[in-house]
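Data block below; observations after.
Numbering of ligands and ligand atoms starts at 1, following listing order.
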Amino acid sequence: MPDTPARPAGRRSAEVAPPIPYTAVVPAAGLGTRFLPATKTVPKELLPVVDTPGIELVAEEAKSAGAERLLIVTSPGKDGVVAHFVEDLVLEHTLASRGKEAMLAKVRNAPSLLEVASVIQDKPLGLGHAVGCVEGELADDEDAIAVLLPDDLVLPGGTLGRMAAARARYGGSVLCAIEVPGDEISAYGVFDVEDDPENPNVKRVRGMVEKPHPSLAPSNLAAAGRYILDRKVFDALRAIKPGAGGELQLTDAIALLIEWGEPVHVVIHEGTRHDLGNPGGYLKAAVDFALDRDDYGPELRAWLTRRLAQDH
Ligand code: G1P
C-alpha cells in the first residue's frame with residue numbers, strides 16, 4: 001500500500017480540478033440530412049473517425065473530464081447510437097476465441113466508459129427542446145449538467161475541465177467559445193462578452209444570440225458545442241419561444257438566464273475544433289486523426305503529398 005494519508009471523504013485537494021457534472025448529455029436526435037444518403041440507415045453519430053464513431057470520442061472526452069453517466073437524447077429509429085454502448089457478448093466471445101485481443105479491447109471500450117442511458121426526443125423541435133427532454137432523468141441533487149454536441153470535436157481534451165473550474169469559481173453556467181472568422185459566424189451561437197484583463201481566457205457573458213446576421217454578431221466568439229449548464233436552464237427552456245429556424249434554441253435559454261441575472265461565462269478553447277456535422281468538416285477530422293496514427297499515418301501522409309503535388 002502507498003504510504004499516503006487518506007484524504008477526508010468528500011474533500012478535494014486544491015490542486016485537483018473539479019470534475020464536470022455527473023451527467024453528460026449528448027443530443028443525438030437529428031436526422032443528419034447533410035450526410036444523406038449514408039444517414040438513411042446509419043446515424044451520423046456512428047460514422048467513423050478513422051475507425052471510432054464520433055460519439056465514442058465524445059464519450060471518452062466526457063469520461064476523462066469526470067462525468068459518470070452519458071445521457072443520449074435520441075429519436076425513433078436511431079437505436080444503433082445507444083446500442084454502440086451495449087456489450088456484444090457474442091462478438092466479444094468470437095474475437096476472444098480467435099485471439100484477437102487488440103480488436104477485443106476496441107469493442108469493449110465504449111461499453112466500459114460510463115453508465116449510459118437514453119431519452120427519446122419524439123419531435124425535432126430543436127437543441128433547446130432536446131436538452132429539456134433530460135430533466136426528468138436527473139436525480140434531485142444534480143445541480144448542473146454537461147452538454148456535449150457530438151458534431152463538435154474539441155481537441156485536445158482539458159477544456160471541459162477548465163469549464164468546471166470556472167463554474168467552481170463563478171457559479172452558474174460555463175460554455176466553451178472559439179474564435180470564428182466573420183464570414184462563418186452566422187452558423188453559430190455568438191457571445192457578447194466582457195473582458196477581464198486578469199483572466200484573458202475566461203470571460204463573463206453579457207448576452208448570446210443564435211445564428212446572427214454577420215453584421216449583427218456581437219463578437220467573433222462562437223459556442224463550440226460544450227456546455228456546463230446550471231439546472232436553472234430547465235426553467236429557462238420552459239420559458240422560451242421558438243427562435244432561429246423556428247426551433248427552441250439552447251442559446252435563447254442561456255440568453256434568458258443572463259437576463260435573469262444568472263452568471264454565465266465562457267472559457268476560450270485553445271486548440272483544434274472539428275465540425276463533424278458536415279461532410280467537409282468530417283473529412284478534415286478523419287484525415288487529422290489518421291495522420292496521427294501509427295498504423296495509417298505514414299502511408300496517408302506519403303499519399304497526400306503525392307496527390308497534392310499533382311494539383312500543381
Ligand atoms: C448548434 C448551436 C450553436 C452552436 C453550434 C456549435 O448549432 O445551436 O449555438 O454554436 O451548435 O456547433 P447547429 O450546428 O446544430 O446548427
Side-chain angles (χ1 to χ4, degrees), residues 24-35 39 43-45 47 49 54-55 57-58 61 72-75 78 121 124-133 145-155 159-160 163 173-193 203 205 207-214 216-229 233 236-237 240-258 264-269 271-282 284-285:
V25 175
V26 179
L31 290 174
T33 48
R34 281 180 287 184
F35 276 97
T39 44
K44 94 178 152 178
E45 296 79 9
L47 296 176
V49 180
I55 197 163
L57 299 174
V58 166
E61 182 190 342
I72 302 173
V73 185
T74 183
S75 52
K78 289 187 77 178
Q121 181 191 21
L125 298 178
L127 177 60
H129 179 256
V131 172
C133 291
I145 53 169
V147 176
L148 289 84
L149 305 189
D151 277 358
D152 293 276
L153 284 186
V154 176
L155 304 159
T159 294
L160 274 173
M163 291 162 62
S173 298
V174 181
L175 288 75
C176 168
I178 49 168
E179 282 196 37
V180 165
D183 57 348
E184 295 172 22
I185 198 76
S186 52
Y188 295 91
V190 185
F191 300 109
D192 179 11
V193 296
K203 296 175 193 291
V205 182
M208 191 178 177
V209 51
E210 181 69 12
K211 299 189 173 57
H213 186 273
L216 299 175
S219 74
N220 62 347
L221 288 176
R226 297 292 179 272
Y227 308 75
I228 294 180
L229 298 172
V233 76
L237 285 167
I240 57 167
K241 300 271 177 291
E247 297 186 338
L248 290 168
Q249 295 290 352
L250 184 57
T251 292
D252 293 343
I254 293 160
L256 189 55
L257 284 176
I258 297 166
V264 176
H265 289 79
V266 288
V267 165
I268 313 289
H269 172 64
T272 309
R273 176 247 175 194
H274 286 298
D275 180 1
L276 297 182
N278 68 83
Y282 168 82
K284 285 184 213 156

Answer yes or no for [X]: is there a heavy-atom contact with ligand 1 below 4.0 Å?
| X | answer |
| --- | --- |
| Arg226 | no |
| Leu149 | yes |
| Leu250 | no |

Can a donor-acceptor pair be found, under 3.5 Å and without considering hydrogens, that links the side chain of His129 to the backbone of Gly132?
no
Testing the basics here: between Cys176 and Val154, what is the closest heavy-atom pair and its distance to 0.1 Å?
SG-CG1, 4.5 Å
Locate the shortest heavy-atom distance separating Pro150 from Glu45; write the atom from each residue and the value.
CG-CG, 3.9 Å
Of the listed options [options], closest to [atom] (non-hydrogen atoms):
| atom | options | result |
| --- | --- | --- |
| atom 10 (O) of ligand 1 | Pro27, Ala223, Ala224 | Ala223 |
| atom 13 (P) of ligand 1 | Lys211, Arg273, Gln249 | Lys211 |
| atom 12 (O) of ligand 1 | Asp152, Val154, Asp151 | Asp152 |

Just jot down the ligand 1 atoms closer than 4.0 angstrom to any heavy atom of Thr251, in number order.
9 (O)
Going by side-chain contact (heavy atoms from CB on, under 4.5 Å), name the residues that satisfy it together with Ala223, two or more places apart in sequence or in a different chain.
Phe191, Met208, Tyr227
Would you confirm whether any non-hydrogen atom of the protein falls under 4.0 Å from atom 16 (O) of ligand 1?
yes
Minimum-distance protein heavy atom relative to atom 9 (O) of ligand 1
Glu210 OE1, 2.7 Å
Using the rule side chain to side chain contact (heavy atoms under 4.5 Å, CB included), only one of Asp152, Thr159, Leu155 pairs with His269; which is it?
Thr159
Side-chain contact test, heavy atoms from C-beta onward, threshold under 4.5 Å: evaluate it for Leu149 versus Leu127 and give yes or no.
yes
Sequence neighbours excluded, the answer for side chain to side chain donor-acceptor pair (under 3.5 Å) partners of His265 is none
